[in-house]
Amino acid sequence: MYRTHHCNELRKSDAGENVILVGWVNTVRDHHGVIFMDIRDREGVTQCVFRSEENADATALSHTLRSEDVIQVTGRVEVRPEIDGQSTFNDAIETGEIEIVATELKILNKSEVLPFQLDKELSNEDLRMKHRYLDLRRPRMAKNLRTRHEITKAIRNTLDEQGFLEIETPVLSKSTPEGARDFLVPSRLSPGKFYALPQAPQQYKQLLMVAGVERYFQIARCFRDEDLRADRQPEFTQVDIEASFITEEDIYATIEAMLSSVFETARGIKVPTPFPRITHQEAMDKYGSDKPERRFGCEIVDVTEHFKDSGFGVFKRAIEGGGVVRAINAKGFAGISTGQIKRLEEVAKEAGAGGLAYIQVRGAAHDTWRSPIVKFFSEEELAAIEKDLNIEEGDLILFGCDKWSTVCDVLGRLRLECCAMNGWLEGKDDVLDFHWVIDFPLLDYDEEEGKWNAVHHPFTRPHPDDVALLDDESKWGGIRGAAYDVVLNGNELGGGSLRIHEGDLQAKMFRVLGIDDEEQAGNFGHILGAFQYGAPPHGGIALGLDRLVMLACQEHSIREVIAFPKNNKGMDLMSSSPAEVDFKQLRELYMKSTVQEKKD
RNA sequence: GGAGCGGUAGCUCAGUUGGUUAGAGCGCCGGCCUGUCACGCCGGAGGUCGCGGGUUCAAGUCCCGUCCGCUCCGCCA
């Protein structure tokens with residue numbers, strides 16, 4: 001028997017018991033005559049005391065203990081004594097009222113000095129990843145791993161209670177031309193052919209509905225070969241859900257129950273349900289984003305009406321070209337620095353704006369408003385925006401003028417940038433603004449390619465009121481999909497839709513997307529075939545588990561909640577993958593690299 | 001593919017206008033210490049300033065190139 005208790009278990013009531021603990025040496029405080037050592041396992045820390053009068057051999061050995069040695073301590077539980085009338089209890093640890101008076105010490109394995117200290121934050125990501133197994137010993141990381149486990153458990157429990165079956169779908173699957181770049185796996189048994197790793201189990205889960213499973217879920221690993229970000233990894237985990245004979249309302253209720261359980265488990269926060277819903281149109285109009293951050297104001301206001309005949313040519317021309325003029329009021333931000341203005345200009349240009357029109361409202365009187373453009377505005381125009389934007393002394397007004405979608409994007413980003421600059425979200429960590437964004441557009445015209453694309457994916461069902469519009473190309477841009485996203489504090493947690501279950505509607509949808517019969521048969525033949533044999537009405541949703549856990553753990557990167565993540569370039573620095581392979585391995589796969597060595 | 005920030009001791013960082021032998025805290029090693037809990041005190045070791053080139057009497061510092069890390073844009077149905 002290695003141990004009788006874990007390191008966060010013993011309390012005052014255990015005093016007098018003989019116990020055995022195992023774990024790592026957390027810290028040693030060696031006073032020569034008496035040695036204190038904190039032993040740590042995954043549950044916590046317990047103080048052990050070595051005194052020569054108790055056991056000379058163990059005490060002698062305890063002098064040699066170093067951080068992170070693996071040890072086994074046998075001893076007696078004692079209530080920590082009073083010394084000179086002073087309590088020696090330690091409130092900082094849960095076992096702080098007791099200590100183990102050691103009678104025996106075994107060093108199970110010595111440790112080299114670690115490349116970094118576990119009790120200090122370290123900024124060198126490279127080093128953390130190289131020694132990830134040590135990084136994960138740090139309490140914050142250990143806690144994140146545990147929270148992740150508790151969250152997946154809460155998810156499984158909720159879905160199980162609602163009759164969902166967890167079913168695995170293949171990882172070796174077929175490449176799909178739509179969407180992200182696939183990771184490919186060459187097939188040895190079919191020379192020259194490739195599997196693709198799934199970007200999502202989309203088609204399999206719909207086929208499970210045809211199979212009569214009715215309620216499916218999977219905590220599924222997905223793969224996308226695209227560039228990475230703090231919240232994007234080449235392999236990531238989705239909570240993938242699909243159900244038959246359900247409506248949007250059923251999906252909303254299931255996800256609300258699930259997320260509420262997740263945040264109660266992970267953070268002890270009761271999330272009120274049902275979540276509010278806003279339409280995609282409203283989200284874009286007010287917040288300039290389909291995943292709005294609504295914990296601060298600064299909403300977008302349309303002022304197009306006031307500038308139709310403006311003396312300011314930039315606004316007037318934008319409106320004449322079918323565009324809009326909109327603005328946000330960054331309350332109290334008139335004192336913005338020139339550097340910050342420059343930064344905002346960059347943000348606006350990144351989003352496609354030609355420039356950035358702004359007003360620093362120094363005083364109540366219009367002639368105190370500082371701005372490169374205000375001299376072109378009439379008194380009526382100034383009065384109108386003062387009223388619509390609720391302008392007061394000390395405000396900063398930022399304008400966007402262009403076509404609707406560009407203005408949404410520009411002001412949406414400026415709004416977030418102003419928030420970051422002013423710390424408007426400080427102290428709002430525990431405010432959880434869950435909401436649904438509904439009525440997404442179904443199709444979106446790609447001007448570069450000159451074709452219509454599916455906003456969500458080609459299996460998304462059109463809104464029942466808009467199905468007829470599919471026959472009239474001029475109306476395609478206005479078709480809503482039966483699609484929805486669930487958003488938390490400006491982060492897309494997941495999205496889904498009701499699906500097309502009729503073969504003829506699906507074929508029509510493919511034609512709208514410019515996918516001809518041959519391509520349909522080649523890439524989607526199995527699903528179109530399946531739909532001919534009594535496919536039930538169905539729909540579903542997928543949530544990004546990594547991002548969900550990240551938010552629950554209040555981390556800023558999903559790498560903090562993944563045990564062994566990849567770096568920015570998709571590399572695992574611990575195992576040095578990806579790596580070159582043997583010529584022999586390639587030959588078996590009928591593969592040959594065309595990479596040229598860089599010449600000097 | 002593009003932009004920004006960073007790379008100085010094992011770790012976290014400082015390093016002024018280019019100027020003597022590149023510093024601090026933590027860690028590490030040794031010594032002292034019987035009630036600490038970030039133990040304390042004394043002493044010590046530890047550096048190719050990412051790499052290459054250039055300017056200069058002189059480069060951690062300036063210039064060019066390059067590699068690596070992080071963040072963002074593009075991209076991610």
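Since the model is a prediction, treat every value here as computed from it, not as a measurement. The chains referred to below are lettered A, B, ... by the order of the sequence lines, with proteins before strands, and numbering in each begins at 1. All heavy atoms count here, side chains included; hydrogens, waters and symmetry mates do not.
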> Crowded around A/K451 NZ? As in, over 12 foreign heavy atoms under 6.0 Å?
Replying inline: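 Yes, enclosed.
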> Under the 5.5 Å and 30° test, is A/H31 stacked on the base of B/C39?
Replying inline: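 Whether judged by distance or by angle, A/H31 passes, so it stacks on the base of B/C39.
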>> According to a cutoff of under 5.5 Å between the ring centres and under 30° between the ring planes, does A/F36 stack with the base of B/U36?
In response: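 Stacked: centres under 5.5 Å apart, planes under 30°.
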>> If the test is side-chain hydrogen bond (donor to acceptor under 3.5 Å, both in side chains), which one of A/H538, A/E502, A/H456 qualifies with A/R461?
In response: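 The residue from A/H538, A/E502, A/H456 that satisfies side-chain hydrogen bond (donor to acceptor under 3.5 Å, both in side chains) with A/R461 turns out to be A/E502.
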Base, sugar-phosphate, or nothing: which does [X] touch, judged by heavy atoms less than 4.0 Å apart?
| X | answer |
| --- | --- |
| A/M37 | nothing |
| A/D84 | nothing |
| A/Q86 | nothing |
| A/S123 | sugar-phosphate |
| A/L127 | sugar-phosphate |
| A/E99 | base |

Rounded to whole angstrom, note down the [atom1] distance from [N] over to [M].
| N | M | atom1 | result |
| --- | --- | --- | --- |
| B/A9 | B/A22 | C1' | 11 Å |
| B/G69 | B/U12 | P | 16 Å |
| B/C29 | B/C68 | P | 35 Å |

For atom [atom1] of [X] and atom [atom2] of [N], their distance in whole Å:
| X | N | atom1 | atom2 | result |
| --- | --- | --- | --- | --- |
| A/R80 | B/C39 | CZ | C1' | 13 Å |
| A/L122 | B/G69 | CG | C1' | 12 Å |
| A/E125 | B/C11 | CD | P | 14 Å |
| A/I98 | B/C37 | CD1 | P | 18 Å |
| A/K130 | B/G69 | NZ | P | 10 Å |
| A/I39 | B/C37 | CD1 | C1' | 16 Å |
| A/L118 | B/A38 | CG | C1' | 14 Å |

> Quick check, are the ring centers of A/F36 and A/H31 under 6.0 angstrom apart?
Replying inline: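 Yes, they do, as the ring centres are separated by less than 6.0 Å.
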With side chains defined as the heavy atoms from C-beta onward, is the minimum distance between [X] and [Y] less than 4.5 Å?
| X | Y | answer |
| --- | --- | --- |
| A/T64 | A/I107 | yes |
| A/I255 | A/W436 | yes |
| A/E99 | A/T46 | no |

>> I need a per-nucleotide contact map over nucleotides 72-77 of chain B, read 5' to 3'. Cutoff is protein heavy atoms under 4.0 Å; write B for the base, S for backbone only, - otherwise.
In response: SBBBBB
> Tell me, for nucleotides 24-32 of chain B in 5' to 3' order, what letter each nucleotide earns: B for a base near a protein heavy atom under 4.0 Å, S for only sugar-phosphate near one, - for neither?
Replying inline: --BSSSS--
Parallel, tilted or perpendicular: rings of [Y] and [X] (30°, 60°):
| X | Y | answer |
| --- | --- | --- |
| A/W476 | A/W452 | perpendicular |
| A/H280 | A/F440 | tilted |
| A/W424 | A/F296 | tilted |

>> Taking the nucleotide of RNA chain B with the nearest heavy atom to each, does A/P115 or A/V28 sit closer to the 5' end?
In response: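 That would be A/P115.
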>> Quick check: on RNA chain B, is the nucleotide nearest A/N124 upstream (toward 5') of the one nearest A/I93, or the reverse? Name the residue that is more 5'.
In response: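 The 5'-side residue here is A/N124.
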> So, is A/N568 near the phosphate of B/U71, with a side-chain N or O under 4.0 Å from OP1 or OP2?
Replying inline: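 For B/U71, OP1/OP2 do have a side-chain N/O of A/N568 under 4.0 Å.
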> Any side-chain N or O of A/R29 less than 4.0 Å from the OP1 or OP2 oxygen of B/U36?
Replying inline: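 No, outside the criterion.
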> What about A/Q47, does its side chain sit under 3.5 Å from the base of B/U36 through a donor-acceptor pair?
Replying inline: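 Checked by distance alone, the answer is yes.
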> How many angstroms lie between CZ in A/F459 and CG in A/L505, if you round to the nearest 0.5 Å?
Replying inline: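 Reported to 0.5 Å precision, the distance equals 12.5 Å.
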> When rounded to the nearest 0.5 angstrom, what is the spacing between CD1 in A/I98 and CD in A/E9?
Replying inline: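 With rounding to 0.5 Å, CD1 (A/I98) is 10.5 Å from CD (A/E9).
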>> Show the nearest heavy-atom pair for residues A/C419 and A/L425, with the distance to one decimal.
In response: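 Smallest heavy-atom distance, with atoms named: SG-CG, 3.6 Å.
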> Where along residues 517-527 of chain A does a heavy atom fall under 4.0 Å from RNA chain B?
Replying inline: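 Heavy-atom cutoff 4.0 Å gives no residues at all.
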> Applying a 3.5 Å limit to both distances, which nucleotide forms a Watson-Crick or G-U wobble pair with B/U55?
Replying inline: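 B/U55 is paired with nothing.
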>> Counting only side-chain heavy atoms from C-beta out, which of B/C37, B/U71, B/C70 sits nearest to A/D38?
In response: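 Nucleotide nearest to A/D38's side chain: B/C37.
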> Out of B/C70, B/U36, B/C39, which has the shortest distance to the side chain of A/T27?
Replying inline: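 Looking only at heavy atoms from C-beta outward on A/T27, the closest nucleotide is B/C39.
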> Side-chain donor-acceptor pair under 3.5 Å between A/T406 and A/D409, yes or no?
Replying inline: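 No, because no side-chain N or O of A/T406 sits under 3.5 Å from a partner of the opposite role on A/D409.
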